[in-house]
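Beneath this line is the structure, given in structure tokens, with notes to follow.
We use all heavy atoms of the structure for the numbers below, so side chains are in, but hydrogens, waters and symmetry mates are not. Each chain gets a letter, A, B and so on, in the order the sequences are listed, and its residues count up from 1.
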2 protein chains.
Amino acid sequence: MPANTDIYNLPERSLRLFKILVEHFIQDGQPVGSRTLARDSDLDLSPATIRNIMADLEDIGLLQSPHTSAGRVPTAKGYRFFVDSLLRVSELTHNEIRRIEEELSASEDTQALLMRTSNMLSDITKLAGIVMLPKQEQHALRQVEFVSLSDNRVLVILVFNNNEIQNRIIHTARRFSPGELQQASNYLVETYAGKDLMTVRKELVRELERMKQNVTSIMTSAIEIAQQAFTKEPIRDDFVVAGQTNLMDIAELCDVERLKKLFDSFNQKRDILHLLEQSAHAKGVQIFIGEEAGYDVLDNCSVVTSPYESEGQILGVLGVIGPTRMHYERVIPIVDITAKMLGSALNSNN
Amino acid sequence: MPANTDIYNLPERSLRLFKILVEHFIQDGQPVGSRTLARDSDLDLSPATIRNIMADLEDIGLLQSPHTSAGRVPTAKGYRFFVDSLLRVSELTHNEIRRIEEELSASEDTQALLMRTSNMLSDITKLAGIVMLPKQEQHALRQVEFVSLSDNRVLVILVFNNNEIQNRIIHTARRFSPGELQQASNYLVETYAGKDLMTVRKELVRELERMKQNVTSIMTSAIEIAQQAFTKEPIRDDFVVAGQTNLMDIAELCDVERLKKLFDSFNQKRDILHLLEQSAHAKGVQIFIGEEAGYDVLDNCSVVTSPYESEGQILGVLGVIGPTRMHYERVIPIVDITAKMLGSALNSNN
DNA sequence: TTTTGCACTCTCGCCATGAGAGTGCTAAAT
DNA sequence: ATTTAGCACTCTCATGGCGAGAGTGCAAAA
């Protein structure tokens, strides 16, 4: 009789063994052989029996062996099965929770808070932390300030409800006096405060239309300036990575080629961003296993993510990047709780 | 007669050979033997003669051989002598100059400009670019704005003459109304605009003294707020590094241990900052050779720096980090001209 | 169904070997 | 006096053989 090919109908014993094997491999990165497994499992089986079981698990695709005489390691599919069905996450200690809480005490502006979060994640997991910054599109404008610089340049300061602050410099057609700027600012706050940027832009277009008919509007200059101030999208980072160097300590990534590719992809942002966005609308913690997800820069890597939200609205995604062979049972709750606490920290920030 | 031990009295011929050797080694990183040197030098000498000369150069301490049968490589002292006395920098092409000019066209705020500069440096040299951010202490305050956030939190926006913008959030003893904030802002700009932060702080202390005598001053609240706003030093980066991953391509640094140490020192900032500060008050381009300067994280590395200044005042330092075996003749003029252009870009930015 | 026994395979570290590169020294040549 | 040729010597590095160790798969026994 051929081995059972349905991973969900595996006999209890095989599951136990598989779990122990994965844990063992996560622990020390060496392929696990039948002897070791026989010794370390509480099942009282001989290596031979275990070999048979492992052969079955290999047939199903959960295991593979690097070469004939080297024990087994989990495949991507194996990891997937492990984290989805077998893993029990561990409780965090009070100390750890307090640590996270303290780091996320909201006292400064959003940008700084998110950086601290990323640092904290990397520090506590000894892996690379990653925090995607919220698109401020969704946030309501609170305040607009103009500061006249030399010539025709005007500094625009936008403050959003989530405490995010944006500075932009625009070039105006003519020089505006401080008075004009003050007036414009007042008008804009009055008219647009509480609306998000997208809405503001739309309404501005309409306003501009109306202006063409009624040239005498005293708010001509305000609209003119605003047009520029709100349109120009400032270059801003999409996410912050911290603790990249932690990854250099990890045996299976200790290859300059690999590391370079990985670090480059942090800089280019594209791949990582794509991955993060995928998980933006999932609920709770998600786990990406590199080879499975088809990101070749993430070979031998896993990414554990969770969206964070405030007032029911998803703001962004945070997580941890590390080797596929990571301590999921610790990392998952850390990412989970960090996301939640960041959410409420941002909440209390309004 | 023993070999001449004074490097400045070396015969012309030895100098020529030494220069060619260093250039050769910089080119392809392999120790250079007498055969190669005999072939590549235009001097018509046999390998044996060259061996004698090389032995002399080794005695003086300019060369060393990794092992008996491996040709010679320059020592730190050798590099020093090379860059100080032998090197002729090459002219930059018009394209390169235009490239630098374009990248440094000042249009946004200082922070962004400096980041672009760092990126440009790394990109153009294929090494790591580094730009130290100016201490804003020296810059005159131009504008102060307050934005009331929830509860007792106030967002402080400081704009300096060099277009640097700083955001800080402070906690006040009580809630201030927008009107009060506006008034405070007006007063502070009126009183302190044009002065640098250090001065402002000093004067504020005096003001506070006076206030104690004359409690009726209408500007009590302004001073109160300002006290906090100007005292709290925001956490800000000291320098930005770009193109770290370029260093991973370089053969002699292709060792994860080394790279980790190096990258870590970028993150911890301490060592690098110390080094940069050293060159802050030197004129023009300076070259640090890792082992010579005693920074062990910089083994096999050199740092080429130049201070940049605007209106005769040194604002900071920028430069490039790469292997000791780098193309100085190209890197030096690049760093030089970048520093000058950044200076004038910041100048035109006022 | 499990276990024992055994032949087989693959990796890895070790050592010897030899080619290649470059040196230093001495003696000859210029 | 300087330069060159010759030569023995040293060191690295790539190669291949070898044996130990680890682990497997299979067949036969329990």
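- Under the 30°/60° scheme for interplanar angles, the aromatic rings of A/F18 and A/F81 are found to be tilted.
- Remark: A/R72 is in phosphate contact with D/dT24, judged by side-chain N or O atoms under 4.0 Å from OP1 or OP2.
- Taking atom CG on A/L37 and atom P on D/dA22, their separation rounds to 17 Å, with Å as the unit.
- B/S41 places no side-chain N or O within donor-acceptor distance of the main-chain N or O of B/L17, the cut-off being under 3.5 Å.
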Distances for protein N/O vs nucleotides 2-4 of chain C N/O pairs under 3.5 angstrom?
unit_1: C/dT2; atom_1: OP1; unit_2: A/R13; atom_2: NH1; d: 2.8
unit_1: C/dT3; atom_1: OP2; unit_2: A/S46; atom_2: N; d: 3.1
unit_1: C/dT3; atom_1: OP2; unit_2: A/S46; atom_2: OG; d: 3.2
unit_1: C/dT3; atom_1: OP2; unit_2: A/T49; atom_2: OG1; d: 2.3

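- Distance, B/I53 CD1 to C/dG22 C1': 16 Å, rounded to whole Å.
- Listed pair A/T68 / C/dC8 fails the phosphate criterion, with no side-chain N or O lying under 4.0 Å from OP1 or OP2.
- A pairwise comparison of heavy atoms in B/F288 and B/A293 identifies CD2-CB, 4.4 Å as the closest pair.
- Atom pair A/D56:CG and D/dC26:P shows a separation of 12 Å (rounding to whole Å applied).
- Counting to the nearest Å, the C1' atom of C/dC12 and the CD atom of A/Q30 are 13 Å from each other.
- Of all heavy-atom pairs spanning A/L247 and A/A128, the tightest one is CD1-CB, 3.9 Å.
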Requested in this report: Start with the C-alpha gap between B/E58 and B/M54, add the side-chain angles, then the distance that decides, and say whether side-chain contact (heavy atoms from CB on, under 4.5 Å) holds.
Outcome: CA-CA 6 Å; B/E58 183 160 352; B/M54 296 211 299; over 6 Å; no
Query raised in the report: In B/S/- notation, 5' to 3', how is nucleotides 12-20 of chain D contacted by protein heavy atoms closer than 4.0 Å?
Result: S--------
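- Between the side chain of B/K261 and the main chain of B/D296, no donor-acceptor pair closer than 3.5 Å is present.
- At distances below 3.5 Å, at least one donor-acceptor pair connects side-chain atoms of B/T75 with backbone N or O atoms of B/G78.
- Going from atom CG of A/L57 over to atom P of D/dT24 covers 12 Å, rounded to whole Å.
- Residues B/L86 and B/K19 approach most closely at O-CE, 3.3 Å, considering heavy atoms.
- Residues B/Y79 and B/I287 form no side-chain contact, since every pair of their non-hydrogen atoms from C-beta on lies 4.5 Å or further apart.
- When the P atom of D/dG23 is taken as reference, atom CG of A/L21 falls 12 Å away, rounded to whole Å.
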